[in-house]
Chemist: 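One structure, as structure tokens, below. Some questions next.
Whatever order the structure lists them in is the order used to number ligands and atoms, beginning at 1.
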Amino acid sequence: MNAESRSRLDQMPEWTALNKHREQLGEVHLRELFDRDPGRAGRYTLQVGDLFLDYSKHLVTDETLRLLGELAEATGVAALRDAMFRGEKINVTEGRAVLHTALRAPGSAVVEVDRENVVPAVHAVLTKMATFAERVRSGDWKGHTGKRIKTVVNIGIGGSDLGPAMAYEALRAYTHRDMQFRFVSNVDGADLHEAVRDLDPAETLFIIASKTFTTIETITNATSARDWLLTGLRAGEEAVAKHFVALSTNAEKVAEFGIDTTNMFEFWDWVGGRYSYDSAIGLSLMIAIGPEHFREMLAGFHLVDEHFRTAPPQENAPLLLGLLGIWYGNFWDAQSHAVLPYSHYLSRFTAYLQQLDMESNGKSVDRDGNPVGWETGPVVWGTPGTNGQHAYYQLLHQGTKMIPADFLGFAEPVADLQPGLVAQHDLLMANLFAQTQALAFGKTPEEVRAEGVAEDLVPHKTFRGNHPTTTILATELSPSVLGQLIALYEHKVFVQGAVWNIDSFDQWGVELGKVLAKRVEPALTEGAEVPGLDASTAGLVAKYRALRGR
Ligand code: F6P
């Protein structure tokens with residue numbers, strides 16, 4: 001499948017060299033690394049656009065970074081990156097180009113897929129989105145009864161939900177405050193029920209977001225939303241056109257559902273679902289923040305795309321973050337990676353990254369279909385600080401697991417906080433800095449004893465430290481900074497997939513559950529026989545039916 005099959009990762013001399021280096025480092029402590037090399041704090045930093053990265057609190061030396069760089073070179077990360085930017089079909093199992101970077105390319109750029117420049121089409125859709133967004137924001141777009149739209153409900157799941165929902169929360173300070181925005185994803189009817197129960201259908205716009213327009217959750221919710229609308233309006237199908245628009249690559253299915261394709265905003269098969277919120281999938285976000293802010297966000301993405309494409313390896317932030325993840329996952333047995341934003345507006349940020357990272361790199365065969373003999377993507381998790389500090393940070397500080405973490409913070413709170421709340425910002429950030437310090441350097445038994453702690457409590461009050469972290473700081477969480485952050489993580493995930501030699505752009509692992517759910521549903525509703533159902537699941541189905549009185 002892969003024209004130029006490469007040698008196994010774990011048989012490469014660069015891999016062996018890293019293993020050896022890891023052995024030599026042994027139980028090295030960050031305290032020791034800082035003592036030995038006081039210059040590392042200044043040296044191990046990067047500035048990319050508005051993002052300042054401090055990676056000095058990592059269990060690395062100049063030699064580690066050199067060896068990781070050699071691994072990246074030997075595994076052809078740069079060549080695969082260039083192939084991606086050129087529009088080559090690097091998603092080998094689906095035979096598709098991977099061109100989310102074209103979604104934020106300037107109008108003058110030329111990016112070809114099958115010898116066709118896709119940039120004009122990208123900008124045509126952005127213009128169509130902007131016109132529509134302005135009409136809805138200004139009240140010019142009217143519902144069926146002539147009322148203006150007050151609430152936008154995005155119905156989608158996975159990449160068709162997490163991106164816009166995350167970015168809407170992140171950029172709330174920039175949103176149209178006289179409108180409401182809601183996001184429905186779960187096939188659990190409670191999700192749609194809670195989203196619409198207090199809404200007037202005459203003032204509600206549904207955006208049906210689905211790349212394939214076949215996803216069962218989305219089509220089921222969209223059908224229920226249409227029933228709710230038409231019942232509420234006491235209207236016929238003619239009302240749909242004013243209250244439903246579609247975001248999709250599949251015009252045929254959109255028309256089949258009953259949405260006029262003039263109300264469809266298009267994107268393309270070279271945009272992966274989890275890489276799509278800067279495409280038409282971002283329409284709800286564009287209505288919320290306005291086309292100008294949306295363009296600023298795209299410019300932020302593009303800035304980091306260009307950095308990733310052109311910066312030399314030692315200064316290349318996505319490359320560095322990707323390699324650090326490989327260092328811990330493959331050479332320190334770290335199983336998970338925490339992303340801990342110190343911004344309440346980033347409440348959905350890590351959930352978004354879970355799909356980006358885990359759907360991309362949760363793979364166990366390589367690009368040629370051979371089983372990998374090395375760990376691939378980590379479990380990604382986390383919630384905003386300071387809340388997590390009072391929940392699971394205990395395990396980070398004193399548990400037995402190695403969990404590298406990213407801490408994200410901003411110098412300025414967003415603009416419209418009242419003065420008293422602005423003052424709280426220093427406290428928030430003091431916590432961020434304190435946590436990374438405590439995680440790295442801990443507290444020795446000697447330090448605990450010096451405080452007069454009783455000997456039997458010394459082990460309990462000791463902090464081993466040595467927990468690696470990256471700190472990412474920016475002035476404020478603007479649309480551009482959000483774009484920069486997302487592109488940084490997109491390319492980090494890319495780098496890891498390239499080194500592990502896996503296809504980061506397919507997601508076959510979600511298919512089996514979908515097929516089985518379709519098979520099981522008639523057993524729940526009609527008691528139908530499911531051929532080949534295992535005894536455990538058959539028992540659960542029977543119990544469920546009994547509980548429902550069937
Ligand atoms: O189930 C996985 C998945 O295919 C994701 O990759 C995707 O983001 C999501 O489902 C939704 O798909 P669609 O946009 O086609 O409805």
Chemist: Distance alone, cut at 3.5 Å: any donor-acceptor contact between the side chains of T101 and D305?
Modeler: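 No pair is found: no donor N or O on one side chain lies under 3.5 Å from an acceptor on the other.
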Chemist: Less than 6.0 angstrom from the centroid, inside 45 degrees of the normal: does K211 satisfy that with respect to the ring of F267?
Modeler: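 Ring-cation test returns no.
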Chemist: Who pairs with R309 by side chain to side chain donor-acceptor pair (under 3.5 Å), at least two apart in sequence or on another chain?
Modeler: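 Once residues adjacent in sequence are excluded, the partners of R309 under the side chain to side chain donor-acceptor pair (under 3.5 Å) criterion are E306.
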Chemist: Only one of T212, D161, I157 forms a side-chain contact (heavy atoms from CB on, under 4.5 Å) with T218, so which one is it?
Modeler: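 Exactly one option meets the side-chain contact (heavy atoms from CB on, under 4.5 Å) with T218, and it is I157.
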Chemist: Tell me if the CZ atom of R197 is crowded by more than 12 foreign heavy atoms within 6.0 Å.
Modeler: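 Not more than 12 within 6.0 Å, no.
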Chemist: Would you check ligand 1 and list the protein residues that come within less than 4.0 Å of it by any heavy atom, ordered by chain and number?
Modeler: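 Contacting ligand 1 under 4.0 Å are I157, G158, G159, S160, S210, K211, T212, T215, G273, Q355, E359, Q507, V510, K514.
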Chemist: Less than 6.0 angstrom separating the ring centers of Y168 and Y345, yes or no?
Modeler: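 Centroid separation for Y168 and Y345: 6.0 Å or greater.
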